[in-house]
Amino acid sequence: MAARGDELNRLPADLPVPQDDGAAAHLAGRRMPPVALPSSRGGTVRLDLLTARWTVVYCFPAVGRPDLEPPGGIAAWNAIPGARGCTPQACAYRDHHQELRDLGAEVYGVSTQPTEDLREAAARLALPFEMLSDAGLELARALRLPTFEAAGRVLLRRLTLILAGGRIEHVRYPVFPPDADAASVAAWLRQSTAGETKLALP
């Protein structure tokens with residue numbers, strides 16, 4: 001049975017909570033590699049060349065579609081710690097988008113899904129930011145991002161990178177619950193901005 005659209009928007013109460021296995025401990029301070037990722041809006045984006053004060057890159061396994069089951073089926077997908085919740089996470093970033101922009105941040109979603117899947121999700125969910133495809137695993141391999149396999153597919157574990165000038169300033173991993181990620185990122189940015197303001201005062 002295909003997953004229903006309303007099920008994609010809800011997080012079951014009994015989802016297993018992902019634990020920090022140390023797979024992202026090496027990322028803070030790293031510079032982004034010169035990898036061009038196909039965008040849901042066409043063309044490519046190089047995250048190492050972006051000039052916004054902050055760039056928020058939230059990596060996720062696979063955003064669901066109402067007409068398709070997730071990799072391996074819904075029961076198997078729900079049993080993988082951290083796998084479920086890509087649609088609520090995307091919608092939360094949509095809802096917090098203006099707040100994040102006001103804080104000087106641009107948002108990008110990244111997964112190993114093909115561009116056409118990300119384009120469909122961006123249109124259906126009315127996402128005001130670009131979704132980038134790492135289907136060739138270039139970014140994942142260059143940064144040694146944490147991944148897992150489901151139904152023969154290599155997928156990114158859910159983590160969020162906050163960049164400044166192409167350098168990773170902050171890492172959120174594991175991210176749980178997914179729908180709270182955008183608000184947590186906004187809180188971190190507010191705190192960082194407040195700290196910079198205090199340092200600039202005479």
Side-chain angles (χ1 to χ4, degrees), residues 2-11 32-50 52 54-74 77 80 82-98 100-101 105-143 145-163 172-175 177-179 181-182 185:
R4 292 168 47 200
D6 57 350
E7 291 176 344
L8 297 176
N9 297 319
R10 296 197 314 264
L11 287 171
M32 296 298 286
V35 174
L37 298 176
S39 168
S40 57
R41 294 182 182 172
T44 60
V45 171
R46 276 186 52 178
L47 296 169
D48 61 316
L49 297 180
L50 300 179
W54 303 103
T55 301
V56 177
V57 180
Y58 80 93
C59 302
F60 60 94
V63 67
R65 291 180 54 155
D67 57 334
L68 296 175
E69 284 278 301
I74 190 66
W77 187 249
I80 301 171
R84 178 74 181 268
C86 299
T87 296
Q89 185 181 25
C91 291
Y93 271 106
R94 177 196 64 201
D95 297 343
H96 285 272
H97 188 252
Q98 189 57 55
L100 292 167
R101 293 205 65 177
E106 294 292 339
V107 176
Y108 294 86
V110 176
S111 84
T112 60
Q113 291 177 277
T115 308
E116 53 267 28
D117 285 357
L118 299 178
R119 188 179 299 118
E120 185 278 335
R124 173 168 44 84
L125 301 175
L127 301 181
F129 50 85
E130 296 180 70
M131 304 278 268
L132 309 180
S133 173
D134 190 29
L137 299 177
E138 291 182 79
L139 184 68
R141 288 173 178 148
L143 285 177
L145 297 177
T147 61
F148 67 100
E149 290 192 26
R153 296 166 57 183
V154 178
L155 304 170
L156 297 177
R157 291 196 179 275
R158 199 180 307 280
L159 79 158
T160 299
L161 310 175
I162 301 178
L163 317 178
R172 297 198 72 242
Y173 176 84
V175 172
D179 56 355
D181 187 35
V185 167

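In what follows, residues are counted from 1 in the order of the sequence shown. Bear in mind the structure is a predicted one, so any value in this text is a computation, not a measurement.
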Report yes if some heavy atom in the side chain of [X] is under 4.5 Å from a heavy atom in the side chain of [Y]; otherwise report no.
{"X": "P61", "Y": "R157", "value": "no"}
{"X": "W54", "Y": "R101", "value": "no"}
{"X": "R153", "Y": "T112", "value": "no"}
{"X": "I74", "Y": "R84", "value": "yes"}
{"X": "T115", "Y": "L132", "value": "no"}
{"X": "L50", "Y": "V45", "value": "yes"}
{"X": "R94", "Y": "H97", "value": "no"}

Output the distance between atom [atom1] ([X]) and atom [atom2] ([Y]), rounded to the nearest 0.5 Å.
{"X": "T44", "Y": "R41", "atom1": "OG1", "atom2": "CZ", "result": "14.0 Å"}
{"X": "D117", "Y": "S111", "atom1": "CG", "atom2": "OG", "result": "8.0 Å"}
{"X": "Y58", "Y": "L156", "atom1": "OH", "atom2": "CG", "result": "12.0 Å"}
{"X": "M32", "Y": "L139", "atom1": "CE", "atom2": "CG", "result": "5.0 Å"}
{"X": "T55", "Y": "I162", "atom1": "OG1", "atom2": "CD1", "result": "10.5 Å"}
{"X": "L127", "Y": "Y93", "atom1": "CG", "atom2": "OH", "result": "12.5 Å"}

Do other residues, nucleotides or ligands put more than 12 heavy atoms under 6.0 Å from the CZ atom of R124?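 For R124, atom CZ is crowded (more than 12 foreign heavy atoms under 6.0 Å).
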Sort out for me which residue in L163, T160, L159 forms a side-chain contact (heavy atoms from CB on, under 4.5 Å) with V57.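 Of L163, T160, L159, side-chain contact (heavy atoms from CB on, under 4.5 Å) with V57 is met by L163 alone.
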Using the side-chain hydrogen bond (donor to acceptor under 3.5 Å, both in side chains) rule, take D179 and Q89 through it: C-alpha gap first, then chi angles, then the decisive distance, then the call. CA-CA 4 Å; D179 56 355; Q89 185 181 25; over 6 Å; no
Working note: L125 + T87, criterion side-chain contact (heavy atoms from CB on, under 4.5 Å); need CA distance, chi angles, decisive distance, verdict. CA-CA 8 Å; L125 301 175; T87 296; 4.0 Å; yes
Taking all non-hydrogen atoms of both residues into account, name the closest pair between [X] and [Y] and its distance.
{"X": "L145", "Y": "C59", "result": "CD1-SG, 4.4 Å"}
{"X": "W77", "Y": "A150", "result": "CZ3-CB, 4.2 Å"}
{"X": "E149", "Y": "V154", "result": "CG-CG2, 4.1 Å"}
{"X": "L11", "Y": "G85", "result": "CD2-CA, 3.5 Å"}
{"X": "L155", "Y": "P71", "result": "CD1-CG, 4.3 Å"}

Aromatic centroids of Y108 and F129 separated by under 6.0 Å: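 Distance test on ring centres: not under 6.0 Å, no.
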Backbone N or O of Q113 within a donor-acceptor pair of the S133 side chain at under 3.5 Å?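 Yes.
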Does R158 use its side chain to pair, donor to acceptor, with the backbone of A83 at less than 3.5 Å?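 Checked: pair present.
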Under the criterion side-chain contact (heavy atoms from CB on, under 4.5 Å), I'd like the reasoning laid out for R172 against V185: C-alpha separation, chi angles, the key distance, then a yes or no. CA-CA 9 Å; R172 297 198 72 242; V185 167; 4.0 Å; yes
Applying salt bridge (Lys or Arg N to Asp or Glu O under 4.0 Å), which residue pairs with at least one partner in residues 127-142 are found, sequence neighbours left out?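 Every pair satisfying salt bridge (Lys or Arg N to Asp or Glu O under 4.0 Å) with a residue in residues 127-142: there are none.
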